[in-house]
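Just so we're on the same page: letters track the sequence lines, and every chain starts at 1.
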Amino acid sequence: MSPRRSEAGGRIDRLRTIRFTFDGAPYTGHAGETLASALLANGVTLFGRSFKYHRPRGVLTAGVEEPNALVTVLRGEVREPNIPATMVEIYDGLTAISQNRFPSLAWDVSAVNQLGGKFLSAGFYYKTFMGPVIGPLKGTRFWMFCEHFIRRAAGLGKAGTAPDTARYERMNAFCDVLVVGSGPAGLMAARAAADQGARVILAELEPHFGGSANWSGETIDGMPAAEWAARAAGQLEGRDNVRLLPRTTVWGYYDGNTLAAIERVTDHKETPGKGEPRHRYWTIRAKSVVLATGSLERPLVFPGNDRPGVMLAHAAERYANEYGVLPGDRIGLFTNNDSAYRAALALKKAGAVVVAIVDVRPELSSEMRKLAGEAEAEILSGHAVIATEGGKALSGFKVQRFDMVNGALSGDARSIHADCLLMSGGWSPTIHLASQAGAKAEWNEALQVFLPPKPTTRQWIGAGAFTGSFSTAEAIAEGRAAGLSAAGATATPAALPAIDARPGDPDPAPVFEIKAEGKSFVDFQHDVTADDVRLAHREGFVSVEHLKRYTTLGMATDQGKSSNIPGLAIMAEALGKPIPQVGTTRFRPPFSAVSIGSLAAERFGDLKPERLTPMHDWHVANGATMYSAGLWYRPMIYGHPGETIEQAYVREARATRESAGIVDVSTLGKIAVQGPDAAEFLDRVYTNMFSTLAVGKARYGLMLREDGLAFDDGTTWRLGEQDFLMTTTTANAGKVMQHLEYFLDVIWPELKVHVTSVTDQWAGAAIGGPKARQILAACVSGTAVDNAALPFMGIVHGEIAGAPVMICRLSFSGEMAFEVYSGAGYGTHVWEALIEAGKPFGLVTYGLEALGTMRIEKGHVTGAEIDGRTTARDLHLDWMLSKKKPFIGSAMMDREGLIAPDRLELVGIVALDNQPLNGGAHIVEELDEANPHGSLGHITACCYSPALGKYIALALVKGGKARRGSRAYVSDPLRNRFGPVEIVSNHFFDPDGSRMHG
Amino acid sequence: MLITCPYCGPRDVIEFTYQGDGNRQRPQPASQNLDAWNAYVYDRLNPAGDHNEIWQHSGGCRAHLRVVRNTLTHEISSTAFARGDHNSVARHRAEDKP
Ligand SMILES: [Zn+2]
């Protein structure tokens, strides 16, 4: 039996010994306890070093609000930092280490920061960022100089670098009533709602249901409260309409009564069970929520209140009653309210000596005097603790007479020998979730707390300490009523379980701070003292939001769960305003730290779906280097061994212009536009006319956005009087579809048109070059493909190798070219037949690079030029703007700024030094390589042109059309490229189109 | 947030695409009133409270919906097909004849 372990009591399994290590030293504990309780039982009081000053810190609380005792848990190579030791359940083999210490917890070199307290005072980050105003380290240089040291000294645990191998899961759940918290109020609510037949979820962040019943020492229904709670939870477990979620923190409350929770499924196990995830992320949609989240005890602010051995009163009570652990042998208490007396009694019963109860209140009730008497404790009413004594562990504390009205200290200071000092500054309801849900908390002067407002809907209903009803009897009554109400039933009178509890007035004295010499901590985790708050106020921060950010009060990983109200009270005093006028800040999710793994769950790695064309496997099997274009994979080149990319695409493009080439164009967006008003609709959507297009013909079309800028281009084929097949660029297929649907649904519902995305239904192959027609003639049956049957922009239907195909004669490459469309399932079959037919003619396959090269040579635009900033005029497409009809964008396209002479216009660029050009490079006028300036525009696409034998590019250049024939320079400092270029027309090759017209 | 699609029932917001302020009035197609076009293309209401919005059920039936959503609470008080009465041209500005 360890010196700090009581003889009996608690719910730990004393027959099961658990072995674990902390900072490398082996320890034992019992099954059912936390790392904090096991270390306390072993006499460990030093748990970590503080954030800024590296002060020694112990454990302050026994639960989720712990600011001090943060540890890193190691599992193999994986390390998880910043976990409260109060939330780590021990298991055999647990390996935990302390944080923010160097070289060791006991001997920390940075503790010297305490001496430089001025440097690290309120706002030290901000001041450091700004730095001195003069000198070699002025401004941000000072920060850069200091950063290395500060980052090392100030901070929390170190994140690991090893990949997290654990598995995480997501779950969606629906229920009528979600009960958050399983103290007496929560258990009653869950039972009452379940009795009504409601589907109930009960979430409890601790491993055991029962909340305060587990350590209150009270009696409910004639049995110990912990036993009553265990029975109540057991009864719920057996019901079909109830789901119990232990170790589950509800951390976010979102609109539509959607709540987020994290279930720590296997953190407490040596090895997870088969198929068990580490954490499970729950999205719970609840018709109604019962908030039975209890309350958190507040520390008192006095000098030395952070010394290891100083602890919240209820935490010590909990360690004694729930885990059979005494945090000290000689214990003093310091309080402003009655609840600490119950703690004193519990510790006395567990075997400790209670040396004194220091109470700021001058008058005490007879009940409290009686409890103190039972605890055999000296009462020091109208007194306050003004200092603590000791080094890394408490050896005693000093008290002085205290006037509650004006905060004055008087009389001689007296030292009291103790190894543990418990403090209680009253209790704050845990209103985080209600605040997240939008509830504005109201200050209650008697209870000295912010209370949630009375709900007006069934969205959420509070019960128990959450509502400021701190007694178990009230919690039980409110819990039942809340459960009934949440389930939609009316509350009926019923016999409630009888409670046997210690008496106590819930109203604390309005005392938050004892002003005496020394550092009095408000926010333990961020090392914010009461003086820091006052300093920030003196430096001009008057809004509570600014004060909070400047001092970083409440902004650490514990989010100031215990420090918020004391901090606010000190701010209010500094501002000279009452607390309700200062107001509180709104809580935001998450309530407590959430693992990133649980948020991602199974969604990690490459999440994009892959879109593959029907001929994808053929490309891969035939040596294509695939290139990802949006979600699509397209052949970039079909390289030969030893070829560079440039050599490959130059060969492919040259062969296409010399004989013939074939490219997979299945990725083009394809939309069937059908219905009696289809032609009218296209006239409105495109800048040019489609109603005049003959059946069996195709036309190139341009779309603008409503604001008059260019949107997308492509050919649309008229397959029947009311039947069009629109093609879009690959990248814009989805956007164009949504654009058409919007206009049909919202703007022109009177048009009888239906649009259907058919991109995936058609496989497309474009075959072009001087021999293309001969190749088609060799393999197409059922139709002629000569100039009479298939003129430019004509469409024919026929068969290739027995598969029906639709062929349109149109050209992107500038060659005599055809697009052959077949059903997607025939895609590879038709493609192979075309390849076979092309063999005698020297047909080559070509990829995106050669496609791009040939389009640059022709000066065609793509998404690089239709970039959302260019107009039809900028791209020399103004010939497509019909004057006979309005169309989308026609009203806005002629605005002053869109027709200005200095707009960026499409031009061709030829490198005069025969060196490659780069996309994004700037075009400048002056030969000033060292200091390039005065950009005229930029290159949008570039290649080596086999047709011209030069490096060429398309560019958007200011007043570009007028600059044709002039010299300029390309400037690309990032890639060290500067050289002379000539600005030319974007139509580099075959400008009159003689090749494609044949 | 749940949006109740008249076809598909209550569905999670991830299935929908926001398509803008539903108060915008598109001028008649041939209108030359640049102020009206400017207002249509660029002006958006940004109320703290109920807002008329267009949402597309892009991950479902693809219908466009008129949704009245409270921008403070995300509470949705009504949803209806944006198409409404197919023959109605009331959504075009009556005073804005070409
Ligand atoms: Zn729908």
Side-chain angles (χ1 to χ4, degrees), chain A residues 172 174 253-258 283 285 287 437-440 457 459 603 677 680-681 683-685 704-709 734-735 737-757 882-898, chain B residues 1-4 10-14 17-22 24-42 52-58 61-66 69-76 80-92 96 98:
Chain A
N172 288 291
F174 302 83
Y253 199 142
Y254 299 93
D255 55 80
N257 256 17
T258 306
T283 302
R285 287 186 191 282
K287 283 191 187 138
K440 278 205 170 64
T457 65
Q459 185 199 353
R603 300 171 303 176
D677 295 322
E680 165 68 19
F681 178 55
D683 278 350
R684 297 186 190 186
V685 166
L704 306 186
R705 306 189 310 209
E706 286 276 35
D707 61 5
L709 295 172
K735 268 195 232 165
M737 182 69 187
Q738 219 151 23
H739 178 73
L740 302 181
E741 286 173 326
Y742 180 84
F743 277 88
L744 286 174
D745 234 12
V746 181
I747 309 291
W748 301 315
E750 68 277 9
L751 291 183
K752 292 190 173 67
V753 181
H754 194 82
V755 290
T756 314
S757 169
S882 171
K883 293 191 171 58
K884 296 187 188 129
K885 50 141 197 173
F887 49 85
I888 294 172
S890 61
M892 300 290 270
M893 68 183 184
D894 291 331
R895 285 178 293 160
E896 208 175 328
L898 299 187
Chain B
M1 199 165 105
L2 291 180
I3 297 177
T4 304
R11 310 294 303 173
D12 193 275
V13 70
I14 59 167
T17 307
Y18 182 56
Q19 291 287 38
D21 182 353
R24 288 179 295 156
Q25 298 281 326
R26 194 173 196 268
Q28 288 290 347
S31 166
Q32 295 296 316
N33 183 340
L34 261 187
D35 287 341
W37 279 107
N38 196 66
Y40 165 66
V41 173
Y42 295 110
N52 298 309
E53 301 175 333
I54 304 284
W55 289 78
Q56 185 185 19
H57 196 187
S58 45
C61 64
R62 295 193 71 86
H64 288 79
L65 310 177
R66 278 187 188 281
R69 182 181 67 99
N70 187 306
T71 57
L72 298 174
T73 64
H74 295 316
E75 193 187 332
I76 290 172
F81 288 126
R83 267 183 170 252
D85 173 3
H86 293 198
N87 298 316
S88 167
V89 288
R91 61 183 51 79
H92 296 302
D96 190 42

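- Listed here is the closest heavy atom pair of P886(A) and P29(B): CB-O, 3.4 Å.
- Only the side chain of Y42(B) comes within contact range of chain A, judged by heavy atoms closer than 4.5 Å.
- Summarising the geometry, atom CD1 belonging to I747(A) is positioned 12.0 Å from atom CZ belonging to R83(B); distances are rounded to the nearest 0.5 Å.
- Of the options R62(B), Q19(B), H64(B), a side-chain hydrogen bond (donor to acceptor under 3.5 Å, both in side chains) to E741(A) is made by R62(B) and by none of the others.
- A salt bridge is absent between R69(B) and D255(A): the closest approach of a Lys/Arg side-chain nitrogen to an acidic carboxylate oxygen does not fall below 4.0 angstrom.
- With a threshold of 4.5 angstrom between heavy atoms, R285(A) approaches chain B through side-chain atoms but not through N, CA, C or O.
- Counting all heavy atoms, side chain and backbone alike, Q738(A) lies closest to S58(B) at NE2-CB, 3.7 Å.
- With sequence neighbours left out, H739(A) forms a side-chain hydrogen bond (donor to acceptor under 3.5 Å, both in side chains) with no residue at all.
- With sequence neighbours excluded, the residues forming a side chain to side chain contact (heavy atoms under 4.5 Å, CB included) with K885(A) are D683(A), M689(A), S882(A), F887(A), listed by chain and number.
- Contact annotation for R705(A): neither backbone nor side-chain heavy atoms come within less than 4.5 Å of a heavy atom of chain B.
- Side-chain contact check for I888(A) versus R26(B): some heavy-atom pair is nearer than 4.5 Å.
- Only the side chain of Q56(B) comes within less than 4.5 Å of a heavy atom of chain A; its backbone N, CA, C and O stay farther away.
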Working note: Y40(B) + E706(A), criterion side-chain hydrogen bond (donor to acceptor under 3.5 Å, both in side chains); need CA distance, chi angles, decisive distance, verdict. CA-CA 9 Å; Y40(B) 165 66; E706(A) 286 276 35; 2.6 Å; yes
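- Listed here is the closest heavy atom pair of S31(B) and A891(A): O-CB, 4.0 Å.
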Pair M1(B)-T258(A), side-chain contact (heavy atoms from CB on, under 4.5 Å): steps then yes or no: CA-CA 8 Å; M1(B) 199 165 105; T258(A) 306; over 6 Å; no
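- Smallest separation of non-hydrogen atoms from A82(B) and V746(A): CB-CG2, 3.8 Å.
- Between atom CG of residue N38(B) and atom CE of residue M892(A) there is a gap of 5.0 Å, rounded to the nearest 0.5 Å.
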